Novice: 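Next up is a structure, given as structure tokens.
Note that this is a predicted model, so its numbers are computed, not measured. Lettering of chains follows the sequences in order, A, B, ..., and the numbering in each one begins at 1. Worth knowing before you read on, the calculation uses all heavy atoms, side chains too, and leaves out hydrogens, waters and symmetry mates.
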Amino acid sequence: AQSVTQLGSHVSVSEGALVLLRCNYSSSVPPYLFWYVQYPNQGLQLLLKYTTGATLVKGINGFEAEFKKSETSFHLTKPSAHMSDAAEYFCAVKAVYGGATNKLIFGTGTLLAVQP
Amino acid sequence: DARVTQTPRDKVTEMGQEVTMRCQPILGHNTVFWYRQTMMQGLELLAYFRNRAPLDDSGMPKDRFSAEMPDATLATLKIQPSEPRDSAVYFCASGPGTPTGELFFGEGSRLTVL
């Protein structure tokens, strides 16, 4: 079974500071990993994803994440926070079994606050 | 601009009433998911359809919830009878059905059961 753990339900940073949101996964098969962002009163939208290949993936709005198999981690980073980054961020894992089952399992989310 | 459309956006109802939420997936997408979001439980997968066939509804309370896809352009989630504990935001998402394909989420239906 697959699962995702996001460390820290709330993270607060100052504008211009580094953003680091932590995600660890558990999967018995090679995982596909995703980060989604949710702005208030909106649905989730994809930030970035790791499937195969390069372990450092870049997404929208200057975010990136690195897949580290040895640490079973997929942490999300951004060098310099902007006020518009304030939102809730969800890490998710998808396990693929011959294409028949590809549910997306979400973590509990991390609410990012950006202080002026 | 293709997007997932959900109705209603907000629904307030009384306990015991039937509630139906509707979702129009993105044209061409063959997978549809229903998620429920609450403060306590986060995002829970309720049901999952592929090519209109239900593949997994293990996360859904069977006694009062039902999910269907009458056709490729409509997915429904019904609660009958509704209870206060069903109060949540219900999201529909659709995807192309490929392992690496992203899910596109609607804006959600906020349900309040009094």
Side-chain angles (χ1 to χ4, degrees), chain A residues 1-10 23 27 29-54 57 59-60 63 65 67 74 87-111, chain B residues 1-10 21 23-26 29-51 53-60 88-111:
Chain A
Q2 287 67 40
S3 66
V4 169
T5 301
Q6 291 185 241
L7 299 176
S9 58
H10 291 77
C23 172
S27 178
V29 297
Y32 293 165
L33 296 160
F34 303 76
W35 276 99
Y36 280 79
V37 61
Q38 183 180 29
Y39 298 102
N41 297 315
Q42 293 186 25
L44 283 71
Q45 63 183 83
L46 183 70
L47 264 183
L48 50 79
K49 64 182 178 183
Y50 167 78
T51 55
T52 59
V57 293
I60 61 172
F63 283 92
F67 170 62
F74 190 56
E88 189 156 21
Y89 293 80
F90 293 89
C91 184
V93 62
K94 180 188 287 189
V96 180
Y97 301 95
T101 302
N102 57 354
K103 296 186 295 186
L104 200 58
I105 306 299
F106 286 92
T108 51
T110 298
L111 190 61
Chain B
D1 185 24
R3 57 179 175 172
V4 176
T5 303
Q6 290 187 247
T7 56
R9 288 297 312 277
D10 282 281
M21 289 167 275
C23 168
Q24 181 176 3
I26 292 174
H29 283 181
N30 68 341
T31 57
V32 172
F33 298 77
W34 283 104
Y35 285 89
R36 176 171 63 182
Q37 186 177 37
T38 61
M39 291 290 289
M40 295 300 295
Q41 301 296 329
L43 275 163
E44 302 173 275
L45 178 64
L46 297 177
Y48 161 39
F49 291 80
R50 187 180 186 92
N51 296 325
L55 282 196
D56 187 345
D57 60 2
S58 59
M60 198 164 66
V89 181
Y90 291 81
F91 287 102
C92 175
S94 72
T98 58
T100 59
E102 68 176 281
L103 290 188
F104 291 80
F105 282 76
E107 294 190 317
S109 293
R110 181 178 299 276
L111 174 64

Novice: Please step through side-chain contact (heavy atoms from CB on, under 4.5 Å) for the pair A:L44 and B:L43, ending with a clear verdict.
Specialist: CA-CA 11 Å; A:L44 283 71; B:L43 275 163; 3.7 Å; yes

Novice: Heavy-atom distance under 4.5 Å to chain A: side chain of B:Y35, backbone, both or neither?
Specialist: side chain

Novice: Report which part of B:E44 has an atom under 4.5 Å of a heavy atom belonging to chain A: side chain, backbone, both, or neither.
Specialist: neither

Novice: Supply the atom-to-atom distance B:H29 NE2 to B:L103 CG, rounded to the nearest 0.5 angstrom.
Specialist: 9.0 Å

Novice: Where does A:Y50 contact chain B at under 4.5 Å (heavy atoms): side chain, backbone, both or neither?
Specialist: neither

Novice: Any idea how A:F63 and A:Y89 line up, ring-wise: parallel (<30°), tilted (30 to 60°), or perpendicular (>60°)?
Specialist: tilted

Novice: Find out whether A:F34 and A:V4 are in side-chain contact, i.e. whether some heavy atom of one side chain is under 4.5 Å from a heavy atom of the other.
Specialist: no

